[in-house]
Amino acid sequence: TLIYNTLQDLSYTFITEAAFNLLDRCRKLHTLKLRHLPNITTKQLANRCLMPCFAKMANIRVLEIDGTRLSGRALSKHPRLLLRHLSAKGCPISVHALVMLRDLCGSTLQYLSLSGCIYLNAECMKVLGSLRCLRNLDLSGCQGLVGEDLLRLADADWPRMKTLDVTGIRHVGANLISRLHRAFNQKRAVPIQISWHARKPRRSLASSSPLTNNAQTPPLHPQSTPSVTDTVLSHCPYTVVTSHLPKAASSSSSSSASSSSS
């Protein structure tokens, strides 16, 4: 049955690098998902096992390898790669892998997620800007990038780009985002939607307090506080009569004692 499969999802399984050899039979795959494989620990071995398998997948269009040790090297032996969707969140993707993607499937790649890829740098931005068919690009959480690196995307040739996510990148502010918008809008009729996270200013304890500066803090322990009994009796519409039952009981007991002595 593997020969006729068009979708194979092995995400969150415990397969090892040796199990990748079974994918050699899945030559008609259109979608392959290999996300979060905890037993894939050696990048070189995993890429070496997948190279011949990917080379025989002529119809592969969607590939998801989030959270694995796989890199772009696994696709380097493909004779005619036509990927449209690549999700490689948290993978060891470097500038060499991006150059390979541009050369192999730069004319077809529309969705690219590199969220959390720590090896991305300023040099990678120039390569990403040359992917003309991109429509969605996710760079959120890339710790190797700073706001100034994103300015290299201002010269990007993206006639079809719709969304750009730069959430979590350091030193990204409203001024930088507006500069990117102006650069993109000069070449496009439809603006690109840029997602970024603006830090909220921290409020001081003084400003967050509901009390003004001239107001005095109320005492923690008031000097005179009416008791519950006084409060209840003050609102009682009837006359309060003090009970003398203990004294009556004592007088009755003394009279009974005198009668018994008599």
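Since we're looking at a predicted model, the values are computed, not measured. Only heavy atoms go into these numbers, but all of them, side chains included; no hydrogens, no water, no symmetry mates.
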Handout entry: Atom pair CD (Q193) and CG (D165), whose distance is rounded to the nearest 0.5 Å
Key = 9.5 Å
Handout entry: Same cluster (ILVMFWY, side-chain, under 4.5 Å), L139 and I118
Key = no
Handout entry: Reported CG-to-CZ distance for the pair L180 and R152, which is rounded to 0.5 angstrom
Key = 13.5 Å
Problem - Mutual orientation of the aromatic rings belonging to W158 and F184 [parallel < 30°, tilted 30-60°, perpendicular > 60°] - result: tilted
Handout entry: Listed partners of D24 passing salt bridge (Lys or Arg N to Asp or Glu O under 4.0 Å), at least two apart
Key = R27, K56
Practice task
Drop me the distance from L70's CG to I40's CD1, to the nearest 0.5 angstrom.
Solution key: 7.0 Å
Practice task
Check M161 against R135 and note the closest heavy-atom contact, atom names and distance.
Solution key: SD-O, 3.3 Å
Exercise for the section: Treat each ILVMFWY residue as a node, draw an edge where side-chain heavy atoms are under 4.5 Å apart, and state whether L114 and Y119 are in one component. Expected result: no
Exercise for the section: Report yes or no: do V146 and L120 belong to one cluster of Ile/Leu/Val/Met/Phe/Trp/Tyr joined by side chain heavy-atom distances under 4.5 Å? Expected result: no
Fill in the blank from the handout: The reported gap from CG in N39 to CZ in F14 (rounded to nearest 0.5 angstrom) is 7.0 Å
Exercise for the section: Under the salt bridge (Lys or Arg N to Asp or Glu O under 4.0 Å) rule, collect the residues that match up with R132, sequence neighbours excluded. Expected result: D157
Exercise for the section: Drop me the distance from L134's CG to L128's CG, to the nearest 0.5 angstrom. Expected result: 7.5 Å
Practice task
Treating Ile, Leu, Val, Met, Phe, Trp and Tyr as nodes and any side-chain heavy-atom pair under 4.5 angstrom as an edge, say whether L98 and L82 lie in one connected cluster.
Solution key: no
Handout entry: Full working for ring pair (Phe, Tyr, Trp, His ring centres under 6.0 Å) between Y12 and H36
Key = CA-CA 5 Å; Y12 301 97; H36 302 286; 5.1 Å; yes
Handout entry: Contacts of H30 that satisfy ring pair (Phe, Tyr, Trp, His ring centres under 6.0 Å) - sequence neighbours left out
Key = none
Practice task
Could you verify whether a donor N or O on one side chain and an acceptor N or O on the other, from S140 and S115, lie under 3.5 Å apart?
Solution key: yes
Problem - Check against side chain to side chain contact (heavy atoms under 4.5 Å, CB included), L153 and L151 - result: CA-CA 5 Å; L153 297 175; L151 292 178; over 6 Å; no
Problem - Backbone N/O of Q143 and side chain of R170: donor-acceptor pair under 3.5 Å - result: yes
Exercise for the section: Give a yes or no on whether M57 and L7 share a hydrophobic cluster (residues Ile, Leu, Val, Met, Phe, Trp, Tyr; joining criterion: side-chain heavy atoms under 4.5 Å apart). Expected result: no
